[in-house]
Amino acid sequence: MVVGTIGAGAILLVLVAIGALPRLARQREALAAVREAPATHPVVSLTHAQQGEPTSVLLLPGNIEPLYSANLFARVDGYLDRRNVDIGTKVKSGQVLAVISSPEIDQQLLQARATLAQSEASLEQAKASLEQAKANAELTRLTKERDLPLGEQHAISQQIVDSAVQSHNARVADVSAADANITAADANVTANRANVSRLLQMQSFERIIAPFDGVITERNIERGDLVTTGASATSKPLFSIAQSNTLRIQIDVPQSEAVNIKDGQKTEVDVKEQLGRAYTGTVIRNAAALNNAARTMLTEVQVDNQDASLLPGMYAQVKFTLPQQRSSLIIPTSSLVVDHTGMHVVVIDAQHTIHFVPVTIGKDMGIQVEVLSGLQGSESLVASPSDLLNEGEHVEVR
């Protein structure tokens, strides 16, 4: 019984050994293959930084506006008697656009002119009274000078002498009064003349005049309509006029480029509706200060529009070609690594070892980005670094 059990165990051991030997052989072969195989490293492709251009292009949006525009309101009450223009009419400075009938102003002017004529007649009458007073004073002076010596010689009574003296004094007072009447009459004439001038000015407001050359862009009045004076937030103007021979575009230049904007600088103006046509603009003025909220500088560009190919209200793109104030390098955006420590690029040295180099970024140009510092320009960069790369790791360059 014991001999049988031992024999069965020996048979089992032999069978286990027969099954294990092939497995051990395969493991040894696999380990040998691993030892003999070359070491594997991440495969990367390279790129190089390019020198930035000496100039940069700044493209900013803006709305095309007329150089001058005005809303014309009435200065007198009345009814519109005549309208000479409509929307789209080209007008010249001083041209009569419409005429308002205001009988009240006309009657007030007639009355003021009559009052002026009356005051002028009163002035002439006062002048005549002065001349008469002067003549009377001269007569009493002669009488006094004749009677005084006679009185001293007692040739006439003292009463006659005193009467001559008092009569002369009274006539002199009449001269002073007449002169004062002339001053008052002259002042009255001046006041009435000023009133006539005021009403003449008011009457001139019955004619709505174009303040400058331009085009009528809005009309809100028709013949026979009641016209009232004054402009408010809810009232509409009689006419709106715009000057479109020269147009202006107001744009907001960011702080980074504000110092490069100079008066007289030329720009390119692109309008989508005028494809293939380039317009040249000129920087006329700028605010010379930044908006505190937006950190932008308001700049005005003017464009010649003598052919009327551009319309006020159009959307345009203004392109500035500006000199670079600093040297920079341009790299593909795909070679930039952004993590919690900042912005980096992956540089490969001569031993194919990678290093993470921090960089300072300037303008983002879409598929490319400007590097202001951190690179010399001769480095080899990983074109599209993987998140699995580590500092000091060896890589294979393809």
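If you're wondering where the values come from, they're calculated on a predicted model, not measured in any experiment. Just so you know, residue 1 is the first one in the sequence shown, and it goes up from there.
- Under a hydrophobic clustering in which Ile, Leu, Val, Met, Phe, Trp and Tyr are joined whenever their side-chain heavy atoms come within less than 4.5 Å, directly or via other members, Val253 and Val303 fall into the same cluster.
- Here the side chains of Ile221 and Val227 are in contact, with some heavy-atom distance below 4.5 Å.
- Taking both residues in full, the closest heavy atoms of Arg219 and Val85 are given as CD-O, 3.9 Å, listed atom of the first, atom of the second, then distance.
- A side-chain donor-acceptor contact under 3.5 Å links Ser119 and Asn192.
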Q) Can Leu123 and Lys127 be said to form a side-chain contact (heavy atoms from CB on, under 4.5 Å), step by step? A) CA-CA 6 Å; Leu123 176 60; Lys127 289 179 179 179; 3.9 Å; yes
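- A donor-acceptor contact shorter than 3.5 Å is absent between the side chain of Gln302 and the backbone of Thr246.
- Note: Leu80 CG to Glu222 CD = 7.5 Å, rounded to the nearest 0.5 Å.
- Between Leu148 and Val161 the shortest side-chain heavy-atom distance falls below 4.5 Å.
- Here the shortest heavy-atom pairing between Val196 and Arg113 reads CG2-N, 3.8 Å.
- In this structure, the side chain of Arg223 engages the main chain of Asp81 through a donor-acceptor pair within 3.5 Å.
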Q.
side-chain hydrogen bond (donor to acceptor under 3.5 Å, both in side chains), that's the test. Do Gln203 and Asp106 meet it? Break it down for me.
A. CA-CA 7 Å; Gln203 190 181 55; Asp106 298 338; 2.8 Å; yes
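- Comment: Glu145 engages Arg141 in a salt bridge, judged by a side-chain N to carboxylate O separation of less than 4.0 angstrom.
- Checked by atom type and distance alone, the side chain of Glu379 pairs as donor or acceptor with a backbone atom of Gly377 at under 3.5 Å.
- Side-chain atoms of Arg82 never come within 3.5 Å of backbone atoms of Asn84 as a donor-acceptor pair (strictly under, hydrogens ignored).
- Note that CG of Leu58 and OG1 of Thr267 are 10.5 Å apart. Values are rounded to the nearest 0.5 Å.
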Q | Criterion side-chain hydrogen bond (donor to acceptor under 3.5 Å, both in side chains) on Asn220 and Glu218, from CA distance to verdict | A | CA-CA 7 Å; Asn220 299 303; Glu218 185 177 353; 2.8 Å; yes
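- For the pair Ala383 and Thr47, the tightest heavy-atom approach, listed with the atom from each and the gap, is CA-CG2, 3.9 Å.
- The CG atom of Leu238 sits 7.5 Å away from the CZ atom of Phe73 when rounded to the nearest 0.5 Å.
- Between the side chain of Thr115 and the backbone N or O of Gln111, at least one donor-acceptor pair lies under 3.5 Å.
- No side-chain donor-acceptor contact under 3.5 Å links Thr280 and Lys266.
- Not one N or O on the side chain of Ser163 forms a donor-acceptor pair closer than 3.5 Å with the backbone of Gln159.
- Surrounding CD1 of Ile87 are at most 12 heavy atoms belonging to other residues, nucleotides or ligands under 6.0 Å away.
- Side-chain contact between Val359 and Leu336: present, with at least one pair of heavy atoms (C-beta onward) separated by less than 4.5 Å.
- Scanning both residues, Asn286 and Ile261, for their nearest heavy atoms gives ND2-O, 4.2 Å.
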Q. Taking it one step at a time, do Tyr279 and Ser309 satisfy side-chain contact (heavy atoms from CB on, under 4.5 Å)?
A. CA-CA 10 Å; Tyr279 294 88; Ser309 59; 2.9 Å; yes
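- Counting non-hydrogen atoms of neighbouring residues, nucleotides and ligands closer than 6.0 angstrom, the CD atom of Glu138 exceeds 12 such neighbours.
- Annotation: side chain of Leu130 is not in contact with side chain of Asn181 (no heavy-atom distance under 4.5 Å).
- When side chains are defined from C-beta on, Tyr79 does not count as touching Ile100, because their heavy atoms never get closer than 4.5 Å.
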Q. side-chain hydrogen bond (donor to acceptor under 3.5 Å, both in side chains) between Asp162 and Gln158: does it pass, once the steps are laid out?
A. CA-CA 6 Å; Asp162 293 340; Gln158 185 64 35; 3.0 Å; yes
Q | side-chain contact (heavy atoms from CB on, under 4.5 Å) between Thr282 and Val301, worked out | A | CA-CA 5 Å; Thr282 304; Val301 174; 5.8 Å; no
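- The salt bridge (charged side-chain N to carboxylate O under 4.0 Å, His left out) contacts involving residues 270-284 comprise Arg277-Asp307, where partners must be two or more places apart or lie in separate chains.
- Grouping the Ile, Leu, Val, Met, Phe, Trp and Tyr side chains by contacts below 4.5 angstrom, directly or via other members, places Val345 apart from Val44.
- Taking CD1 from Ile209 and CD from Gln95, the interatomic distance works out to 9.0 Å, rounded to the nearest 0.5 Å.
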Q | side-chain hydrogen bond (donor to acceptor under 3.5 Å, both in side chains) between His48 and Ser380, worked out | A | CA-CA 5 Å; His48 295 84; Ser380 297; 3.2 Å; yes
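- For Gln118, the CD atom sits in a loose shell: 12 or fewer heavy atoms of surrounding residues, nucleotides or ligands are nearer than 6.0 Å.
- Contact detail for Gln250 and Leu298: the closest heavy-atom pair is CB-CD1, 4.0 Å.
- Between Leu311 and Met314, the closest side-chain pair of non-hydrogen atoms falls below 4.5 Å.
- Judged as a side-chain contact (heavy atoms from CB on, under 4.5 Å), and not counting sequence neighbours, the contacts of Val369 are Ile331, Thr333, Ile361.
- Taking CG of Asn71 as the start and OG of Ser240 as the end, the distance is 4.0 Å to the nearest 0.5 Å.
- Using modelled atom types, no side-chain atom of Glu257 and backbone atom of Pro254 make a donor-acceptor pair closer than 3.5 Å.
- Side-chain contact check for Val96 versus Ile208: every heavy-atom pair is 4.5 Å or farther apart.
- For the pair Glu65 and Pro312, the minimum side-chain heavy-atom distance is 4.5 Å or more.
- For Thr140 (side chain) and Ala137 (main-chain N/O), a donor-acceptor pair under 3.5 Å exists by modelled atom type.
- Val337 is not connected to Val371 by any chain of hydrophobic side-chain contacts under 4.5 Å among Ile, Leu, Val, Met, Phe, Trp and Tyr, and they are in different clusters.
- Smallest separation of non-hydrogen atoms from Tyr315 and Pro61: OH-CB, 3.0 Å.
- A distance-only check finds a donor-acceptor pair linking the side chain of Asn305 to the backbone of Leu310 [under 3.5 Å].
- Expressed to the nearest 0.5 Å, how far NE2 of His344 lies from CZ of Phe356 amounts to 8.0 Å.
- Connection of Leu67 to Val318 is not established within any shared hydrophobic cluster, with ILVMFWY side chains joined at heavy-atom distances below 4.5 Å, either directly or through further cluster members.
- Side chains of Glu391 and His355: a donor on one and an acceptor on the other come within 3.5 Å.
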Q) Can you check side-chain contact (heavy atoms from CB on, under 4.5 Å) on Val397 and Ile348, steps first, answer last? A) CA-CA 9 Å; Val397 177; Ile348 297 181; 4.2 Å; yes
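- Linking ILVMFWY side-chain heavy atoms closer than 4.5 Å, directly or via other members, places Ile284 and Tyr68 in two distinct hydrophobic clusters.
- Ser204 contributes a side-chain N or O that, together with a main-chain N or O of Gln201, makes up a donor-acceptor pair within less than 3.5 Å.
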Q | From CA spacing to verdict: salt bridge (Lys or Arg N to Asp or Glu O under 4.0 Å), Arg193, Glu120 | A | CA-CA 10 Å; Arg193 187 174 290 127; Glu120 289 175 342; 3.1 Å; yes
